[in-house]
Visitor: 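My structure is below; once you've seen it, I'll send some questions.
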Amino acid sequence: MQIDEIKDLMAQFDVSSLTEFSFKNAEDELTFSKHDRPEPAPVFSVPTPSETETSSPEKPKQNTLSSEETDNVVATSDQAEGDIVESPLVGVVYLSPGPNKANFVTVGDAVKKGQTLMIIEAMKVMNEVPAPRDGVITEVLVVNEEVADFGKGLVRIK
């Protein structure tokens, strides 16, 4: 197989809806996969229960949000008040202690200093993110299983 043929196959695979492609003959074997691509984190904007106007998601996930996730994603930052709790490290955010478990905090919850807000997994280590002070959660800025960078806003506490 010539390099031009391989490049053509790669280009066609890239624009197709296929996630995997394999080709094999007596001389050559090719395998293409889109599974190693990191997906960009979704961004959502959902109104708080006290608002009367509605807004639509900016970038919807392929799967629909569960009711728990919808309850935790709130309106844009300019509508909520309070101090932002930033991510202390890079890792995957988990809003609950496990699958099918209630979230650590939701919008409107009163929290005490040191209370766990969420967990960030980094290098197979689960790191609890504590509340820096007493207050009320006014906004959750991340979704479950989102990758958070160092300094990214996680929640807003008033």
Side-chain angles (χ1 to χ4, degrees), residues 10-11 13-22 31-158:
M10 288 174 60
F13 173 74
D14 193 43
V15 297
S16 75
S17 62
L18 296 173
T19 57
E20 291 185 21
F21 172 78
S22 295
T31 302
F32 302 131
S33 176
K34 294 181 184 177
H35 294 295
D36 293 335
R37 280 190 185 172
E39 282 190 27
V43 177
F44 297 97
S45 177
V46 180
T48 59
S50 63
E51 293 179 24
T52 57
E53 61 186 32
T54 60
S55 62
S56 60
E58 295 173 1
K59 293 182 186 176
K61 277 186 171 180
Q62 289 179 356
N63 300 345
T64 58
L65 288 175
S66 71
S67 61
E68 283 183 9
E69 289 177 319
T70 304
D71 292 342
N72 289 309
V73 181
V74 297
T76 57
S77 299
D78 58 325
Q79 295 171 341
E81 296 178 7
D83 300 324
I84 293 177
V85 177
E86 296 178 346
S87 176
L89 60 139
V90 176
V92 179
V93 174
Y94 295 102
L95 299 176
S96 65
N100 302 321
K101 303 271 183 172
N103 290 351
F104 288 107
V105 294
T106 58
V107 174
D109 285 354
V111 294
K112 297 285 184 192
K113 181 178 181 176
Q115 179 180 339
T116 301
L117 301 174
M118 61 192 63
I119 294 173
I120 298 180
E121 177 186 7
M123 296 175 45
K124 308 263 183 201
V125 175
M126 300 297 183
N127 301 280
E128 293 181 354
V129 178
R133 62 182 180 81
D134 293 355
V136 175
I137 302 295
T138 59
E139 185 174 20
V140 178
L141 303 168
V142 292
V143 293
N144 196 42
E145 297 182 4
E146 176 181 338
V147 176
D149 292 330
F150 175 78
K152 176 179 175 46
L154 301 173
V155 296
R156 193 178 292 265
I157 298 179
K158 180 177 176 181

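Just so it is clear, the model here is predicted, and its values are computed rather than measured.
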Visitor: Tell me the closest heavy-atom pair linking Ala102 and Ser96, and the distance in Å.
Guide: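 Nearest pair, atom of Ala102 first, then Ser96: O-CB, 3.4 Å.
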Visitor: Is there a side-chain contact between Glu81 and Glu139 in this structure, where contact means two heavy atoms from C-beta onward sitting under 4.5 Å apart?
Guide: no
Visitor: Output a table of donor-acceptor pairs, distance under 3.5 Å, between side-chain atoms of residues 124-131 and any protein atom two or more places apart or on a different chain; print 'none' if there are none.
Guide:
unit_1, atom_1, unit_2, atom_2, d
Asn127, ND2, Ile120, O, 3.1
Asn127, ND2, Val125, O, 3.1
Glu128, OE1, Thr116, OG1, 3.1

Visitor: If you compare all heavy atoms of Ala148 against all heavy atoms of Val93, which two are closest, and at what distance to 0.1 Å?
Guide: CB-CG2, 3.6 Å
Visitor: Under the side chain to side chain donor-acceptor pair (under 3.5 Å) rule, what pairs show up with a residue in residues 86-95, not counting sequence neighbours?
Guide: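 Residue pairs with at least one partner in residues 86-95: Tyr94-Glu121.
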Visitor: Any sub-3.5 Å donor-acceptor pair from Arg156's side-chain atoms to Ile84's backbone N or O?
Guide: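 Answer holds: no.
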Visitor: Of Leu154, Leu95, Val105, which is the lone residue that meets side-chain contact (heavy atoms from CB on, under 4.5 Å) with Leu117?
Guide: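 By the side-chain contact (heavy atoms from CB on, under 4.5 Å) criterion, Leu117 pairs with just one of Leu154, Leu95, Val105: Val105.
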Visitor: Could you pull out the closest heavy-atom pair between Val85 and Pro132, with the gap in Å?
Guide: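 Closest heavy-atom pair between Val85 and Pro132: CG2-CD, 3.7 Å.
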Visitor: Are Lys152 and Val90 side-chain neighbours, meaning at least one heavy-atom pair lies under 4.5 Å?
Guide: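 Answer no - side chains too far apart.
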Visitor: Taking salt bridge (charged side-chain N to carboxylate O under 4.0 Å, His left out) as the test, write out the residues that go with Asp83, two or more places apart.
Guide: Arg133
Visitor: Who pairs with Gln115 by side chain to side chain donor-acceptor pair (under 3.5 Å), at least two apart in sequence or on another chain?
Guide: none
Visitor: So Ile157 and Ile137, do their side chains get closer than 4.5 Å, heavy atoms only?
Guide: yes
Visitor: Assess the side chains of Thr106 and Asp109: does a donor N or O sit below 3.5 Å from an acceptor N or O?
Guide: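 Yes, a side-chain donor-acceptor pair sits under 3.5 Å.
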Visitor: Excluding sequence neighbours, so at least two apart, what forms side-chain contact (heavy atoms from CB on, under 4.5 Å) with Asp134?
Guide: Lys112, Lys113
Visitor: If the condition is side chain to side chain donor-acceptor pair (under 3.5 Å), which residues does Glu145 pass it with, not counting sequence neighbours?
Guide: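 By the side chain to side chain donor-acceptor pair (under 3.5 Å) rule, Glu145 matches no residue at all.
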